[in-house]
Amino acid sequence: MENTFGIPIIPENEQERLNALGYFSIINSVPDNYFDSFAKIIASAFDAPIALVSIVGDEDVFFRGNFGMPGTNKVSRGKSLCSLAILNPKPTVFKDALKEPCLLKNPLVIGAFGLRFYAGAPLTTLDGYNIGSVCIVDKKPREWSNNDNNILCRFAEVAMLQINTYYHKSLETIGKT
């Protein structure tokens, strides 16, 4: 996998994280409107043009909820800033992507897309694995407060509750895989 960040993007617990992700049937599930509607609410709350609910797989990042990037369902893990958001227990925030050394070779930042702002809170399983993120993206730099962090974290908690409720495989199903 190409890594455009110049820093490691694979967590030390990657295999365990992928195993935890395997307990959910969310990556290959049929798209539903819940997460798209949820992303729209997140975008509205932050007055952001783009909001995503992402799941970080082994090679790709899948957008289960997408507002503002129609027709985009996934991106390479080595290019998606959501790959960075799963590395930390707290939100990952880049107020001005052009001032972040690890982003200066990223095609989403330096290319036609023009990403300038990113804030992503990890989606954390009950056993502590970060399987994705709730994030907002803008094409202009933005200010960001501790209150914004708190709100984004609450959105991530709600998204994870939805994942736990509707996408968690039963123990019976896991035994058959």
Side-chain angles (χ1 to χ4, degrees), residues 9 11 14 17-94 97 106 108 113 115-139 142 144 147-171 173-174 177:
I9 61 170
E14 177 69 356
R17 189 192 73 78
L18 290 173
N19 290 343
L21 179 58
Y23 286 112
F24 302 93
S25 56
I26 191 167
I27 286 181
N28 294 316
S29 63
V30 176
D32 61 50
N33 292 331
Y34 175 82
F35 283 119
D36 285 339
S37 296
F38 191 57
K40 186 176 183 178
I41 292 168
I42 295 166
S44 178
F46 290 106
D47 192 26
I50 299 167
L52 304 164
V53 178
S54 72
I55 303 297
V56 179
D58 60 343
E59 294 285 328
D60 293 309
V61 174
F62 300 88
F63 301 137
R64 293 304 301 162
N66 181 337
F67 176 80
M69 291 178 38
T72 305
N73 300 320
K74 68 178 181 175
V75 68
S76 167
R77 184 173 175 181
K79 296 177 182 173
S80 174
L81 277 67
C82 298
S83 299
L84 301 175
I86 68 163
L87 298 176
N88 301 301
K90 297 188 183 217
T92 297
V93 179
F94 299 110
N106 184 280
L108 298 173
F113 185 74
L115 184 150
R116 293 296 175 266
F117 175 86
Y118 175 89
L123 297 173
T124 307
T125 65
L126 294 174
D127 48 357
Y129 296 103
N130 294 339
I131 62 168
S133 70
V134 166
C135 68
I136 62 168
V137 174
D138 204 334
K139 294 185 179 189
R142 298 172 65 117
W144 192 254
N147 189 52
D148 293 329
N149 259 356
N150 293 335
I151 293 168
L152 192 64
C153 287
R154 298 301 78 77
F155 280 129
E157 289 172 5
V158 171
M160 198 63 222
L161 179 62
Q162 181 75 2
I163 291 169
N164 277 317
T165 301
Y166 293 99
Y167 293 97
H168 191 266
K169 293 179 183 177
S170 69
L171 292 177
T173 304
I174 293 168
T177 58

Decide side chain to side chain contact (heavy atoms under 4.5 Å, CB included) for L126 and N164; before the verdict, give the C-alpha distance in whole Å, the side-chain angles of both, and the deciding distance to 0.1 Å. CA-CA 9 Å; L126 294 174; N164 277 317; 4.1 Å; yes
Provide the full list of salt bridge (Lys or Arg N to Asp or Glu O under 4.0 Å) pairs with a residue in residues 74-86, sequence neighbours left out, each pair given once.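 For residues 74-86, and leaving out neighbouring residues, the salt bridge (Lys or Arg N to Asp or Glu O under 4.0 Å) pairs sorted by first residue read E14-R77, D60-K74.
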Keeping [X] on the side-chain end and [Y] on the backbone end, is there a donor-acceptor pair under 3.5 Å?
X    : Y    : answer
N73  : F62  : no
N130 : N88  : yes
R116 : F94  : no
T125 : Y129 : yes
S44  : K40  : no

Take atom OH of Y34 as the centre, draw a 6.0 Å sphere, and report whether it contains more than 12 heavy atoms from other residues, nucleotides or ligands.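 Atom OH in Y34 is crowded, with more than 12 foreign heavy atoms closer than 6.0 Å.
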Do [X] and [Y] have side-chain heavy atoms sitting under 4.5 Å apart?
X    : Y    : answer
I42  : F67  : no
I163 : I55  : yes
L84  : L87  : yes
L152 : V134 : yes

Nearest heavy atoms of [X] and [Y], plus distance in Å:
X    : Y    : value
A159 : L123 : CB-CD2, 3.7 Å
I86  : P11  : CD1-CG, 4.1 Å
P70  : G68  : CD-C, 3.4 Å
I27  : L21  : CD1-CD2, 3.7 Å
N66  : A39  : N-CB, 3.8 Å
A51  : I136 : CB-CG2, 4.1 Å

Test applied, side chain to side chain donor-acceptor pair (under 3.5 Å); reference residue, S54; option that passes from S83, S80, S133: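 Between S54 and the candidates, side chain to side chain donor-acceptor pair (under 3.5 Å) is satisfied uniquely by S133.
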Please lay out, stage by stage, how V137 and F113 fare under the test side chain to side chain contact (heavy atoms under 4.5 Å, CB included). CA-CA 11 Å; V137 174; F113 185 74; 4.1 Å; yes
A cation-pi test, strictly: NZ or CZ of R142 under 6.0 Å from the centre of the six-membered ring of F117 and no more than 45 degrees from its axis. Yes or no?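 That pair qualifies as a cation-pi contact.
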Between W144 and F46, is the ring centroid distance below 6.0 Å?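 When the ring centroids of W144 and F46 are compared, they turn out to be within the sub-6.0 Å range.
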Are F35 and F63 near enough that their ring centres are under 6.0 Å apart?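 For F35 and F63, the ring centres are not under 6.0 Å apart.
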Show your working on side chain to side chain contact (heavy atoms under 4.5 Å, CB included) between V93 and Y118 and close with a plain yes or no. CA-CA 6 Å; V93 179; Y118 175 89; over 6 Å; no
Are L52 and R64 close enough, and set up right, to give a side chain to side chain contact (heavy atoms under 4.5 Å, CB included), and what steps lead you there? CA-CA 8 Å; L52 304 164; R64 293 304 301 162; over 6 Å; no
